[in-house]
Amino acid sequence: MTEYAFARAKREALEAVRRALGEPVDLPVVLPPAEVNADLAIPCFPLAAQRRKSPPEIAGDLARAIQPGPTFAAAEATGGYLNLTLARPAFASSVMSELIRLGDRYGSNAEGAGRTVVIDFSAPNVAKPMSVGHLRSTIIGAALYKLHGFSGYRLVGDNHLGDWGTQFGALLHAYSMWLDGDAYEQDPIAELLRLYVKFEEEAGKDPSLRDRAREWSLRLERGDPDARRLWEEFVRHSMAEFQRTYDLLEVSFDHTLGESFYEDKTREVIEQAVARGIAVEDEGALIIRLDNAGITTPVLLRRRDGATLYHTRDLATAIYRIRTFRPARILYVVGSDQRLHFRQLFAALRELGFGDVEYVHVDFGLVRLPEGRMSTRRGRVVFLQDVLEEAIERARALVDEKNPELPDSERESVARIVGVGAIKYADLSQSRIKNIVFDWNRMLSLEGDSAPYLQYTYVRARGIIRKAGDAPPAEPFDARAAASAQEWALIKHLSRFPEAVHDATHTYFPHVVANYLFQLAQLFHTFYHEIPVLQAEDEDLRRSRQHLVGGAATVMRTGLDLLGIRVPERM
RNA sequence: GGGCCCGUAGCUCAACGGAUAGAGCAAAGGGUUUCUAACCCUUAGGCUGGGGGUUCGAGUCCCUCCGGGCCCGCCA
């Protein structure tokens, strides 16, 4: 497997220290703060106690022991830190040739080779429009999908539609009572939403409606043709509606196997649990106790009335995935309000003998409105489609203003790329753990720390390359193109892209990549402002700077692609 | 009542246990005859919710209190 220049430098730094000490110590290798004139630093404090020497003494000894060589040009001690300065020409040239050689594969690795990851994401509920709440799972899941692909995993993206359960009983009943045929004809999902809200209102006044809903629910489960036909119609209408949103988001799935797909697979789960002796009757229901795993709330496999529950279906789903895809890892990109549910699910799977799969609940905070939690039932909800359309509209207004000379069709496509990118970036640029209070202006921001800022970086870089006529990259890389602070900072940052990708994949935090790219954008804009490329003093320098610009463009495009964000050539 | 998560500049957020905690927005000022100003450069802004502890070193780990969010067998 390839070791990138930055990782190699860190490894060599440690090895140099080990050689100097004559023993295999393990120390952190960190980046010195900006005001320190060095490229890597090793804190020597942990060595002090055992050696009965002060950290500055040890750092000083090490600095003297490490002679300038092909990797490090200088070593010096500042306080308890050993500060190392990279040999610029060699390092710059390594980074640049990696970039040329790998192109848009730069940053990728083969860690996942031969392993399969199943990613369960998006999973909207049928018969309801997607709200901005569903955006998170969809976008975080899509990013993790690409990130794992970049690490060589075989990928299975599965949209686990909420197309089953008691809510369909309510909907079927409401449909039978209050359907407005014309409205349904016009916009089926809007009418189904109205029916759902209506049912909740009426059931609040007359609880016996819940019994009607249960009856419909039972008819559906038993395969009653009328109930079944309507349900299939609801699913079909919903899928068509979802597809419009997925098209805009440019998200796709390898499978869309909703909960209903597993309905006939729950019996085997129950039998297996009973056979293994882990399922027990309790108050008429069938449960799995998880006290051994430190979980006091048991999993419910079967209700008193014989119906299965979502836990049962989730178990059947996991088992089906394990048998069908043989995954090393299954990711569930689902909100943190379901943490307990997944702890239970994973513990139950281990009890059932499926313990050799790595299960991860990639949880994220809720999207709330300023006035409180979103509630479809109470009409307090922001629809995803509306947000996307508004974003594209705002982006279009801006393109029209900034670049009226672009052809109409290009302005349209730029508006889409920028608008949708802004939405995705607003979500992916912050840690997924925290709750988000939805704010139109914040989510649709097109300046500062936002997708367009990063896209504009690419556009500027591409502008230079285009004007230069796409000349082949300069090799060897001219050392003078790493001489200024701006150039050197940019090169060093480019060298850290593989690490950012790696960290994001391992922690399931796409924002690590987003933050990396934002920094890249800042460094590039500063570079762009102060370092002439096309007007460089001579041909060698010009071509090497051009090469650097090209590398920044490639990394920006690759990184944004991993986040599911596209780049325009002009904007 | 029990459990989990969050609390960092006015606002929204970053920060593998490492040096003087950084950005964006908002505020004040400056920059375009030179590769796209959706940009760049200044300035100002902090007891990292409070209090204890562990560590050479804590925004980060542990305990506790306060504030907010979420969850706690017959919904998903």
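Protein chains get the first letters and strands the later ones, always in sequence-line order, with residue 1 at the start of each.
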Does B:C6 have its OP1 or OP2 closer than 4.0 Å to a side-chain nitrogen or oxygen of A:Lys434? no
Grab the CG-P distance between A:Leu534 and B:C35 for me, whole Å please. 9 Å
Which base, if any, makes a Watson-Crick or G-U wobble pair with B:U33, both distances under 3.5 Å? none
What does nucleotides 19-24 of chain B look like as a protein-contact string, B for base, S for sugar-phosphate only, - for none, at under 4.0 angstrom between heavy atoms? B---SS
Base, sugar-phosphate, or nothing for A:Leu398, non-hydrogen atoms under 4.0 angstrom? base
Between the side chain of A:Lys265 and the main-chain N/O of A:Phe261, is any donor-acceptor distance below 3.5 Å? yes
Determine, using ring centers only, whether A:Tyr453 and A:His525 are less than 6.0 Å apart. yes
Go through the steps for A:Glu371 and A:Arg380 under the test salt bridge (charged side-chain N to carboxylate O under 4.0 Å, His left out), then give the verdict. CA-CA 9 Å; A:Glu371 54 270 40; A:Arg380 207 170 62 191; 5.6 Å; no
Between A:Arg557 and A:Tyr458, do the side chains contain an N or O donor and an N or O acceptor separated by less than 3.5 Å? yes
Atom CZ of A:Phe45 and atom P of B:A58 are separated, to the nearest Å, by 11 Å
Considering only the C1' atoms, how many Å lie between B:G22 and B:C4, rounded to the nearest integer? 29 Å
Watson-Crick or G-U wobble partner of B:C25, both distances under 3.5 Å: B:G10
For nucleotides 67-76 of chain B, read 5' to 3', which letter fits each nucleotide if B means a protein heavy atom sits under 4.0 Å from the base, S means only the sugar-phosphate is that close, and - means neither? --SSSSBBSB
Can you check the distance between B:G59 and B:A9, where both ends of the measurement are the P atom (answer in whole Å)? 15 Å
Report yes or no: do A:Glu215 and A:His173 form a side-chain donor-acceptor pair below 3.5 Å? no
Starting from P on B:A38, measure out to CZ on A:Phe524 and report it in whole angstrom. 15 Å
How many Å lie between NZ on A:Lys467 and C1' on B:C35, as a whole number? 6 Å
Whole angstrom is fine here: how far is it from CG in A:Leu541 over to P in B:C35? 18 Å
Under the salt bridge (charged side-chain N to carboxylate O under 4.0 Å, His left out) rule, what do A:Glu569 and A:Arg466 come out as? Steps first, then yes or no, please. CA-CA 10 Å; A:Glu569 284 297 310; A:Arg466 249 197 325 274; 3.6 Å; yes
Any strand, both distances under 3.5 Å, Watson-Crick or G-U wobble: B:U20 pairs with none
Looking only at side-chain atoms of A:Glu530, point me to the closest of B:A38, B:C35, B:C41. B:C41
Nearest to side-chain heavy atoms of A:Arg339, which nucleotide of B:C39, B:C13, B:C5: B:C5
Nucleotide B:U34, atom C1' - distance to CD1 of A:Ile464 in whole Å: 12 Å
So what does A:Ile531 hit on the nucleic acid, given a heavy-atom distance under 4.0 Å: a base, only sugar-phosphate, or nothing? base
Base, sugar-phosphate, or nothing for A:Asn403, non-hydrogen atoms under 4.0 angstrom? base
Step-by-step salt bridge (charged side-chain N to carboxylate O under 4.0 Å, His left out) determination, A:Asp427 to A:Arg432: CA-CA 8 Å; A:Asp427 198 318; A:Arg432 60 181 161 76; over 6 Å; no
Considering heavy-atom distances to RNA chain B, does A:Met571 or A:Ser431 have its closest nucleotide positioned more toward the 5' end? A:Ser431
What's A:Val399 touching, base or sugar-phosphate or nothing? Going by heavy atoms closer than 4.0 Å. base
A:Val459 side chain reached by A:Pro568 side chain, heavy atoms, under 4.5 Å: yes
P spacing across the pair B:U60 / B:C5, given as an integer number of angstrom: 15 Å
Could you please name the option among B:U36, B:A38, B:A15 that lies closest to any side-chain atom of A:Val414? B:A38
With a 6.0 Å cut-off on the ring centroids, do A:Tyr528 and A:Tyr456 count as close? no
Say we look at B:A76 and B:U8: how far apart would their C1' atoms be, to the nearest angstrom? 35 Å
Would you tell me whether A:Tyr425 and A:Asp449 have side-chain atoms, one donor and one acceptor, within less than 3.5 Å of each other? yes
Considering only the C1' atoms, how many Å lie between B:A44 and B:G30, rounded to the nearest integer? 15 Å
What interatomic distance, in whole Å, is found between P of B:G24 and the corresponding atom of B:A14? 15 Å
In whole angstroms, the gap separating P of B:A15 from CZ of A:Arg496 amounts to 12 Å
Could you tell me the separation between the NE2 atom of A:His529 and the C1' atom of B:C39, rounded to a whole number of Å? 7 Å
What does B:C4 pair with, Watson-Crick or G-U, if both distances are under 3.5 Å? B:G69
Inter-nucleotide P distance (B:A38, B:U34), Å rounded: 14 Å
Taking atom P in both B:G49 and B:C13, what distance in whole Å separates the two? 14 Å
Where does B:G73 land, syn or anti, given syn is within 90° of 0? syn
Would you classify A:Val29 as touching base, sugar-phosphate or nothing, given that sugar-phosphate means primed atoms plus P, OP1 and OP2, and contacts are heavy atoms under 4.0 Å? base
Any chance you could lay out the salt bridge (charged side-chain N to carboxylate O under 4.0 Å, His left out) test for A:Glu499 and A:Lys10, step after step, and finish with the verdict? CA-CA 12 Å; A:Glu499 188 180 74; A:Lys10 290 217 283 194; 2.8 Å; yes
Tell me, please, which residues at least two apart from A:Glu390 pass side chain to side chain contact (heavy atoms under 4.5 Å, CB included). A:Arg394, A:Trp440, A:Leu444
